[in-house]
Amino acid sequence: MARLAQTAGLTDVQSEILSTVRSFVDKEIIPYAQELEHADAYPADIVEGMKEMGLFGITIPEEYGGLGESLLTYALVVEEIARGWMSVSGVINTHFIVAHMISRHGTPEQKQKYLPKMAAGEVRGSFSMSEPDLGSDVAAIKTRARRDGGDYVIDGSKMWLTNGGSSNLIALLVRTDEGAEKAHQNLTTFLVEKPEGFGEVAPGLTIPGKIDKMGYKGVDTTEAVFDGFRIPASQVLGEAPGRGFAFMMDGIEVGRVNVAARACGIAIRAFELAVEYAQQRRTFGKPIAQHQAIAFKLAEMATKVEAAHLMMVNAARLKDTGERNDVAAGMAKLIASEYCAEVTQEAFRIHGGYGYSKEYEIERLMREAPFLLIGEGTSEIQKTIISRGLLREYQSRS
């Protein structure tokens, strides 16, 4: 059989893109990931390489300078990059979500203003929905924007901004006074321009220093504090106050496919490390891969990798058709993230004591995999989404 996680039915262009990215990952990411991750250093040279390859504009329409590729192509690219180092995929993930939201919901002026520069990697996006005490209850957002003439004034605190310091455009979800009965119809998305960096980066906007994390290092994760931050009404996404929740949920759907792809990438790498080590490490006179206990682990790991990859591909292809994919994306994110954690732990067990050493790559993967269990919604949230969708489709006629 072919190596794991192969995708049938790709075009020549898709295959060429993936081959180029795979080569880039093997040569420019994997050899440097350990050192950069342990130093919690931003992968500036790797990011420049991705800009040169056009990866920041992979899904942006050609008319705006992008490659105009599908969500499937992007997801497969993310899978390859996460196989090298998940943090690098995080650099382009929130950027991709913001570009998707502008492409789908922005005004013609907003598209023309941002998309060409986003395609070139000159403008890089971050995505801000969560708050310090919000959790999964998005409708309970407290950060507010009040209208003041032709502007809005924003006050409040946001949390868990990936690329919060290194981005210069934030898609920000806040509460506005639309007078709607349903709480989520009083939420609005703003396109907030800011300089890169930390501290008070603009009047009324402070980006504190990086949050120190267990894993997912290198990429900056921050808070954002708004205190009388003034922004023109023209910066409302789509110039559509009260539609922010719907726009963000569209972004989250593609984000869940992205998280599933990242989980697949880590799981693939964990399996690669385990199967290589199991053929080199010898006990009782033979490679440990020839012991049934280890052989069965490898079989189960490979099956989980393949299943997660297929569900991720299905969710991406469904979204590309324009059909609703909340259930498929939730299923893909659920199974890929859970299987990623399981496959990574089995790879860790196969490495034995060496897996606990920072000299071995599996130690890093053990710290990265848990993030995917909570990113873009916990497994419990995915189960809620899936069950609601199933009950909608299988509604009882009695």
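In this structure, Tyr277 and Ile350 approach most closely via the heavy-atom pair CE2-O, 3.4 Å.
The side-chain contact (heavy atoms from CB on, under 4.5 Å) test with Leu372 is passed by exactly one of Cys264, Cys340, Ser379: Cys340. A salt bridge (Lys or Arg N to Asp or Glu O under 4.0 Å) with Glu37 is found for exactly one of Arg367, Lys217, Arg364, namely Arg367. Partner of Phe247 under the ring-ring contact (aromatic ring centres under 6.0 Å, His included) criterion, chosen from His100, His184, His105: His105.
Separation of atoms OG1 (Thr189) and CG (Leu191) is listed at 8.0 Å; rounding is to 0.5 Å. Annotation: the span from Thr11 atom OG1 to Glu69 atom CD amounts to 6.0 Å, rounded to 0.5 Å. The distance from atom CG of Asn258 to atom OG of Ser89, rounded to the nearest 0.5 Å, is 6.5 Å. Atom-to-atom distance recorded for Ile81:CD1 and Leu55:CG is 5.5 Å, nearest 0.5 angstrom. Taking CD1 of Ile381 as the reference point, atom OG1 of Thr384 lies at 5.0 Å (rounded to 0.5 Å). Within the model, atoms CD of Glu200 and OG1 of Thr206 stand 4.5 Å from one another, a figure rounded to the nearest 0.5 Å.
In summary, Glu122 and Lys51 do not engage in a salt bridge, as defined by a charged side-chain N under 4.0 Å from a carboxylate O. Ion pairing between a basic and an acidic side chain is recognised when a charged N comes within 4.0 Å of a carboxylate O; Lys319 and Asp250 show such pairing. Salt bridge absent: Lys213 and Asp40 never bring a charged side-chain N and a carboxylate O closer than 4.0 Å. Between Glu193 and Lys113 there is a salt bridge, with a side-chain nitrogen of the basic residue lying less than 4.0 Å from a carboxylate oxygen of the acidic one. In this structure, Asp177 does not pair ionically with Arg147, as no charged nitrogen and carboxylate oxygen lie closer than 4.0 Å. Ion pairing between a basic and an acidic side chain is recognised when a charged N comes within 4.0 Å of a carboxylate O; Glu376 and Arg256 show no such pairing. A salt bridge links Arg269 to Glu361: at least one charged side-chain nitrogen sits closer than 4.0 Å to a carboxylate oxygen. In summary, Glu223 and Lys158 do not engage in a salt bridge, as defined by a charged side-chain N under 4.0 Å from a carboxylate O. The existence of a salt bridge linking Asp220 and Lys210 is excluded, since no basic side-chain nitrogen approaches an acidic carboxylate oxygen closer than 4.0 Å.
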Determine, stepwise, if the pair Glu131 / Lys142 fulfils salt bridge (Lys or Arg N to Asp or Glu O under 4.0 Å).
CA-CA 8 Å; Glu131 294 184 356; Lys142 295 179 181 178; over 6 Å; no
Take Ile154 and Arg144 through the test side-chain contact (heavy atoms from CB on, under 4.5 Å) and record every step on the way to the result.
CA-CA 6 Å; Ile154 302 176; Arg144 287 186 173 273; over 6 Å; no
Audit row: Asp155, Arg175, salt bridge (Lys or Arg N to Asp or Glu O under 4.0 Å) steps and yes/no
CA-CA 10 Å; Asp155 292 284; Arg175 181 173 299 282; over 6 Å; no
Salt bridge (Lys or Arg N to Asp or Glu O under 4.0 Å), that's the test. Do Glu380 and Lys383 meet it? Break it down for me.
CA-CA 5 Å; Glu380 289 71 27; Lys383 291 174 185 178; 5.0 Å; no
Step by step, would you call Glu272 with Arg83 a salt bridge (Lys or Arg N to Asp or Glu O under 4.0 Å)?
CA-CA 10 Å; Glu272 289 175 348; Arg83 174 181 154 265; 3.1 Å; yes
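Under the 4.5 Å side-chain heavy-atom criterion for grouping Ile, Leu, Val, Met, Phe, Trp and Tyr, Val201 is not connected to Val225 through any hydrophobic cluster.
Side chain of Asn325 to main chain of Leu318: no donor-acceptor pair is present (N/O by atom type, distance under 3.5 Å, no hydrogens or angles). A donor-acceptor contact shorter than 3.5 Å links the side chain of His95 to the backbone of Met118. Side-chain N or O atoms of Gln110 include one that pairs as donor or acceptor with a backbone N or O of Val236 at under 3.5 Å.
Annotation: Asp26, atom CG; neighbour count of heavy atoms from other residues, nucleotides and ligands within 6.0 Å is above 12. At most 12 non-hydrogen atoms from other residues, nucleotides or ligands lie less than 6.0 angstrom from CG of Asp12. By the neighbour-count criterion of 12 heavy atoms within 6.0 Å, atom CZ of Phe198 is densely surrounded, having more than that number from other residues, nucleotides or ligands. Summarising the local packing, CG of Asp45 is surrounded by 12 or fewer heavy atoms from other residues, nucleotides or ligands at distances under 6.0 Å.
Of the N and O atoms on the side chains of Ser357 and Glu359, not one donor lies less than 3.5 Å from an acceptor on the other residue.
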